[in-house]
Amino acid sequence: MTRYAYAYLGPEGTFTQQALMQWSPSAGGRQVPCGSVDAALELLRSGEVDAAVVPIENSVEGGVSATLDALASGDPLVVVGEVLVPITFVVCARPGTRLQDVSAIGTHSHAWAQVRGWADQTLPRAVYVPTLSTASAAKDLAEHPDDLGYQAAVCAPVAAERFGLEVLAHDIGDMTSAVTRFVIVSRPDWQPSPTGKDKTTVVLYQRTDRAGGLLELLEQFAVRGINMTRLESRPTKDSMGSYCFSIDFEGHVQDERVGAALMSLHRVCADLRFLGSYPAASGADITVDPITTDEAFLEARRWLERLRALGDG
Ligand SMILES: O=C(O)C(=O)Cc1ccccc1
């Protein structure tokens with residue numbers, strides 16, 4: 001059996017590793033921990049791994065810019081799957097540390113955004129120290145505490161256990177139902193087949209010479225009954241005020257209505273980057289308006305072909 005190699009935002013004990021284990025349980029793949037999202041995607045682009053797992057969006061803090069930007073530029077990559085992971089945070093420290101001794105806390109910026117309320121209430125004077133991931137905050141605390149500017153880490157319970165740290169408080173997230181969405185990314189040499197419950201991700205660059213440009217982009221989805229599930233603007237980094245739109249919507253590139261929308265967007269946009277069609281993690285049914293089903297599109301095409309054939313006769 002081929003053993004896939006997966007790069008992920010490490011080290012061991014990150015939420016991203018939990019997502020990878022949810023995607024590929026048991027020993028189905030070799031896991032390659034990376035220090036950053038960029039490093040994981042670089043290993044994928046260079047062919048050293050077959051896929052990468054990275055966080056893309058969470059229910060409290062929104063999109064993960066590092067991932068959105070890394071996918072929008074560089075050699076093309078595609079999303080082939082997604083996983084939703086419920087997030088529970090602990091605050092932990094080296095054995096013997098008391099909560100009242102903590103004057104600085106290390107963690108990933110998305111984790112900090114989700115425990116800020118708890119920190120303001122419990123340790124209002126504690127300073128935040130950003131780290132590359134939640135588990136790297138825990139690992140560094142366990143391995144070389146004197147070089148760090150913090151005495152406690154916010155991470156997953158498994159990371160505290162993995163690095164022998166003592167949990168000072170459990171379940172410190174401000175929102176109990178927090179969920180993070182992770183994507184499985186591949187080189188664009190294959191594509192998952194349509195399941196009828198799929199999502200597609202694109203990055204759109206609007207033409208700057210047209211008034212109502214954003215409306216024109218959104219219309220392409222609306223008139224074909226395509227439901228958008230995420231829309232974010234990101235700076236293109238070219239110049240001040242220049243933005244692109246990172247969009248997820250329901251449907252697969254093989255669906256007629258999605259194909260028609262993508263063809264129109266290709267005409268209307270200055271540029272369009274296709275980032276993959278993949279099964280939606282929710283597995284929820286997608287409602288398709290009877291006038292935008294595959295059959296409705298194919299019937300319309302047959303009708304047009306009959307009209308054109310009259311002209312040939
Ligand atoms: O740092 C981690 O553990 C990650 O996987 C990134 C992250 C951080 C906070 C919430 C969800 C994912």
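Residue numbers start at 1 and run along the sequence shown. Atoms within a ligand are numbered from 1 in the order they appear, just like the ligands themselves. As the structure is a prediction and not an experimental result, all values here were calculated from the model. Values reported hereafter were calculated over all heavy atoms of this structure, with side chains retained and with hydrogens, waters and symmetry mates removed.
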| task | Would you tell me which option among Thr134, Thr180, Leu9 has the nearest heavy-atom contact to atom 2 (C) of ligand 1? | result |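 Looking at heavy atoms only, the winner is Thr134.
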| message | I need the single residue from Asp294, Ile226, Thr292 that forms a side chain to side chain contact (heavy atoms under 4.5 Å, CB included) with Val258. Which is it? | response |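 It is Ile226, the one option of Asp294, Ile226, Thr292 that forms the side chain to side chain contact (heavy atoms under 4.5 Å, CB included) with Val258.
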| task | Could you point out which residue of Val49, Asp75, Leu77 forms a side chain to side chain contact (heavy atoms under 4.5 Å, CB included) with Leu41? | result |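 The single option meeting the side chain to side chain contact (heavy atoms under 4.5 Å, CB included) with Leu41 is Leu77.
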| field | Heteroatom proximity flag, Pro55 to ligand 1, N/O under 3.5 Å | value |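 No; the residue has no nitrogen or oxygen that sits under 3.5 Å from a nitrogen or oxygen of the ligand.
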| Would you say His110 and ligand 1 have an N/O pair spaced under 3.5 Å apart? |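 Such a contact does not occur with ligand 1.
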| query | Any side-chain heavy-atom pair from Ser109 and Tyr128 closer than 4.5 angstrom? | reply |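 The answer is yes, as the side chains (C-beta and beyond) meet within the 4.5 Å cut-off.
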| Ser133 and Thr16, any side-chain heavy atoms less than 4.5 Å apart |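 Result no, sub-4.5 Å side-chain heavy-atom pair not found.
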| Tell me: protein heavy atom nearest atom 8 (C) of ligand 1, and distance? |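 Ranked first by proximity to atom 8 (C) of ligand 1 is His108 ND1, 3.5 Å.
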| request: Name the closest protein heavy atom to atom 9 (C) of ligand 1, giving the residue it belongs to and the distance to 0.1 Å. | output: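 Sorting protein heavy atoms by distance from atom 9 (C) of ligand 1 puts Ala111 N, 3.6 Å first.
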| field | Under 3.5 Å side-chain donor-acceptor pair for Thr195 and Asp198 | value |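 Present: a donor and an acceptor within the cut-off.
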| query | Any side-chain donor paired with an acceptor under 3.5 Å for Glu166 and Thr97? | reply |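 No, no side-chain donor-acceptor contact under 3.5 Å.
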| With atoms numbered from 1 as shown, which atoms in ligand 1 lie under 4.0 angstrom from a non-hydrogen atom of Thr16? |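 By the 4.0 Å cutoff, the relevant atoms are 4 (C), 5 (O).
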| task | Any atoms of ligand 1 less than 4.0 Å from a non-hydrogen atom of Ser133? List them with their elements. | result |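 Every atom of ligand 1 under 4.0 Å from some heavy atom of Ser133: 1 (O).
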